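Residue numbering restarts at 1 for every chain, and letters A, B, ... go by the order of the sequence lines. Computed from a predicted structure; not experimentally measured.
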There are 2 protein chains.
Amino acid sequence: MNVNFDMKSFINNFENSCHKVQKKSFSKNEVITSYIQKRNQLCILTSGNADLVRYDLNGNRTIVEHFSQYDAFGEVFYAVTTNNELLVEAREKCEVLFYIYDDIRNKCRNNCKFHQMLAEDLPELILNKVTDLNMRIELLTKRSIRDKLLGYFNLVSSRYLSKSFSLPFSLTDLADYLSVDRSAMMRELKLLKEDGFIDKTGNKITLLYE
Amino acid sequence: MNVNFDMKSFINNFENSCHKVQKKSFSKNEVITSYIQKRNQLCILTSGNADLVRYDLNGNRTIVEHFSQYDAFGEVFYAVTTNNELLVEAREKCEVLFYIYDDIRNKCRNNCKFHQMLAEDLPELILNKVTDLNMRIELLTKRSIRDKLLGYFNLVSSRYLSKSFSLPFSLTDLADYLSVDRSAMMRELKLLKEDGFIDKTGNKITLLYE
DNA sequence: AATAATTTGTTGCTTTTGCAACAGAAAAAG
DNA sequence: CTTTTTCTGTTGCAAAAGCAACAAATTATT
């Protein structure tokens, strides 16, 4: 199974091959889409970055997923079971392809290349999503803020193949992503520094262990 | 998109159409499979129930997923990124179909009905898995034990279409599933009773709100 | 360049959660 | 049927996390 599905070349080759696919631009903090109603929509972020965010009744914000270039999102990947608000918000200027589907598995009526390829590669696309979700679950099941932070840093570190990296979002957002209190997280970051596990300057982290 | 993929009739119709598919039995507490090595394996639980369990370095046990009849599992659904032990353990006597694949998207070399159908329905199967994972994430992002319990009870309640239901696993296991300390969870269950939110006799729960 | 808005960093206090330990109930094994 | 094992329910205490509030720094906006 090809786990290295190349969204970039897919987009470049087929983006314009179907007139049903719409491209839209969003500026910072705009809502790209919501998962409240049932929309048969698959979205691909072609530039910028965005978050899938949930606001619960207590006013807590959770960053459910973070999207960067060529990530796919939409209700295809998320059968809505909750009564909470689920929004995709642009973190910066974003370009997004919207693909409205009839039946995700079949080609669209126009029989265009875009849909044909997408239908073919969808299982893989979804499997990648599953991998992300599983990593997220692994993080969230860690019992302490310290373990969540270290778990997250390890992930980012192995993704960038480096012990030094910049966080893809602000510390405020990181707390919402790890689902912990921001000030408690800041305290733990300080302790991690004091205990010699990490170095931290702004949002640049260096892992000092292993 | 047909979200009601019927695994039961799929199994009944095609189980014996491919000699590559193996059926094995397991007794309570036996390890059905592990996710340590890369095995090209998709498993379907045809009877009994089992858990995907992770043991971390601190000795904490987490129930990552709970499987009952006709649930599918295996590394297809879980690109292993962790260095922790990931096991599927039988909770009771289980029967499991093992399907070793070459390429999940293509038919097997024998061109049998089983693989043909499975390849066709796989996207749907995976989407169901994604839904489960998202529900799990929603539970885990809740900030307190109380909210995790209520969130979980709501899920089970809506699945059984009843305010009264038996928990699918023991309270010890529930704590490992919600990723919280058992005694703290027991305390919170008692408080939920005292505060009139739930009724509880053994592992039978009744929701008293709404 | 000046002002407004957001994010970071910090702290004291409160609440929640985890840990350890144990007795009784229930379930499994012999 | 008896013994052993696991699970439930409970508690006191310790540790961790959440909350609230604020100043300083950074980043956007006009």
Side-chain angles (χ1 to χ4, degrees), chain A residues 27-30 48 51 53 56 58-63 89-93 139-151 166-195 198-205, chain B residues 27-30 48-49 51 53 56 58-63 89-93 139-150 166-195 198-205:
Chain A
S27 46
K28 192 181 164 172
N29 292 327
E30 265 193 285
D51 292 323
V53 174
D56 72 13
N58 308 324
N60 287 317
R61 185 181 82 134
T62 304
I63 296 182
E89 295 175 350
R91 277 295 134 259
E92 56 185 40
K93 198 175 177 312
L139 275 187
L140 291 170
T141 53
K142 299 206 182 283
R143 304 298 174 101
S144 63
I145 294 182
R146 171 166 292 212
D147 284 349
K148 283 179 183 165
L149 281 170
L150 290 178
S166 292
L167 295 172
F169 36 42
S170 72
L171 295 172
T172 304
D173 286 353
L174 180 57
D176 288 342
Y177 182 74
L178 298 179
S179 205
V180 297
D181 179 72
R182 186 189 64 86
S183 69
M185 189 192 79
M186 295 301 285
R187 180 166 37 210
E188 202 55 46
L189 278 171
K190 199 170 74 173
L191 291 174
L192 278 170
K193 264 175 88 171
E194 286 173 16
D195 294 352
I198 64 165
D199 219 344
K200 174 176 173 301
T201 318
N203 78 336
K204 182 160 183 172
I205 305 285
Chain B
S27 44
K28 192 181 164 170
N29 292 328
E30 265 193 286
N49 66 85
D51 292 323
V53 174
D56 73 13
N58 307 324
N60 287 318
R61 185 180 82 133
T62 305
I63 296 182
E89 295 175 349
R91 278 294 135 258
E92 56 184 40
K93 197 174 178 312
L139 275 187
L140 290 171
T141 54
K142 300 207 182 280
R143 305 295 175 102
S144 63
I145 294 184
R146 171 166 292 213
D147 284 349
K148 284 179 183 165
L149 282 169
L150 290 178
S166 293
L167 296 171
F169 37 42
S170 72
L171 295 172
T172 304
D173 287 353
L174 180 57
D176 287 343
Y177 182 75
L178 298 179
S179 206
V180 297
D181 179 71
R182 186 190 64 86
S183 68
M185 188 192 79
M186 295 299 285
R187 180 167 35 211
E188 202 55 46
L189 277 172
K190 199 169 75 171
L191 291 174
L192 279 171
K193 265 175 86 171
E194 286 173 16
D195 294 351
I198 64 164
D199 219 344
K200 172 176 173 301
T201 319
N203 79 335
K204 181 159 184 173
I205 306 286

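Remark: A/Lys190 is in phosphate contact with C/dT11, judged by side-chain N or O atoms under 4.0 Å from OP1 or OP2. When the side-chain nitrogen and oxygen atoms of A/Thr172 are compared with OP1 and OP2 of C/dT6, none of them lie within a distance under 4.0 Å.
Minimum interatomic distance between A/Lys142 and A/Lys148 (heavy atoms only, all atoms of both residues): O-CE, 3.2 Å. Across every non-hydrogen atom of A/Ser179 and B/Thr141, the tightest pair is OG-O, 2.6 Å. B/Tyr177 and B/Leu140 get closest at one heavy-atom pair: O-CD2, 4.2 Å. The shortest non-hydrogen separation linking B/Ala90 to B/Ser27 is CB-O, 3.7 Å.
A side-chain donor-acceptor contact under 3.5 Å links B/Lys200 to the backbone of B/Gly202. Using a distance-only test at 3.5 Å, with no hydrogens or angles considered, a donor-acceptor pair links the side chain of A/Asn203 to the main chain of A/Leu167.
In this structure, the CG atom of B/Leu191 is 12 Å from the C1' atom of D/dT10, given to the nearest Å. Atom CG in A/Asp176 sits about 12 Å away from atom P in D/dC19, given to the nearest Å. The CE-P distance, from A/Met186 to C/dT11, rounds to 12 Å in whole Å. Regarding B/Phe169, its CZ atom lies at a distance of 18 Å from the P atom of C/dA27, rounded to whole Å. One can place CG of A/Asp56 at 13 Å from P of D/dG18, the figure rounded to the nearest angstrom. For the pair A/Arg61 CZ and C/dT7 P, the interatomic distance rounds to 8 Å; values are reported in whole Å. Separating the CG atom of A/Leu167 from the C1' atom of C/dG9 is a distance of 15 Å, rounded to the nearest angstrom. With rounding to whole Å, B/Asn203 atom CG is found 12 Å from C/dA26 atom P.
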Could you list, one pair per line, each protein nitrogen or oxygen that sits under 3.5 Å from a nitrogen or oxygen of nucleotides 28-30 of chain D, together with the distance?
none

Please list, for nucleotides 15-22 of chain C, all pairs of protein and nucleotide N/O atoms separated by less than 3.5 Å.
from   : atom 1 : to       : atom 2 : distance (Å)
C/dT17 : OP1    : B/Ile145 : N      : 2.8
C/dG18 : OP2    : B/Asp181 : N      : 2.9
C/dG18 : N7     : B/Arg187 : NH2    : 3.0
C/dG18 : O6     : B/Arg187 : NH1    : 3.2
C/dG18 : O6     : B/Arg187 : NH2    : 3.2
C/dC19 : N4     : B/Ser183 : OG     : 3.0
C/dA20 : N6     : B/Ser183 : OG     : 3.2

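Contacts of B/Asp56 classified as side-chain hydrogen bond (donor to acceptor under 3.5 Å, both in side chains), with partners at least two apart in sequence or in another chain: none. Among residues two or more places apart in sequence or in another chain, the side chain to side chain contact (heavy atoms under 4.5 Å, CB included) test is passed with A/Lys28 by none.
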Please output the side-chain donor-acceptor pairs of residues 180-188 of chain B that fall under 3.5 Å, not counting sequence neighbours, one pair per line with the distance.
from     : atom 1 : to       : atom 2 : distance (Å)
B/Asp181 : OD2    : B/Ser183 : N      : 3.2
B/Asp181 : OD2    : B/Ser183 : OG     : 2.6
B/Asp181 : OD2    : B/Ala184 : N      : 3.1
B/Glu188 : OE2    : B/Arg146 : NE     : 2.9
B/Glu188 : OE2    : B/Arg146 : NH2    : 3.4

| Under the side chain to side chain contact (heavy atoms under 4.5 Å, CB included) criterion, do A/Leu189 and A/Ile145 qualify, and how do the steps go? | CA-CA 9 Å; A/Leu189 278 171; A/Ile145 294 182; over 6 Å; no
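As judged by a 4.0 angstrom heavy-atom cut-off over every strand, B/Lys200 is placed among residues touching the sugar-phosphate backbone only.
Both B/Asn29 and A/Leu171 lie close to DNA chain C; mapped to their nearest nucleotides by heavy-atom distance, the more 5′-ward contact belongs to A/Leu171.
In this structure, the separation between CG on A/Leu178 and OG1 on A/Thr62 is 11.0 Å, given to the nearest 0.5 Å.
Counting non-hydrogen atoms of other residues, nucleotides and ligands closer than 6.0 Å to NZ of A/Lys204 gives a total of 12 or fewer.
Axis orientation changes by 70° from one end of the helix from C/dA1-D/dT30 to C/dG30-D/dC1 to the other, with each end axis drawn from 5 pairs and the value rounded to 10°.
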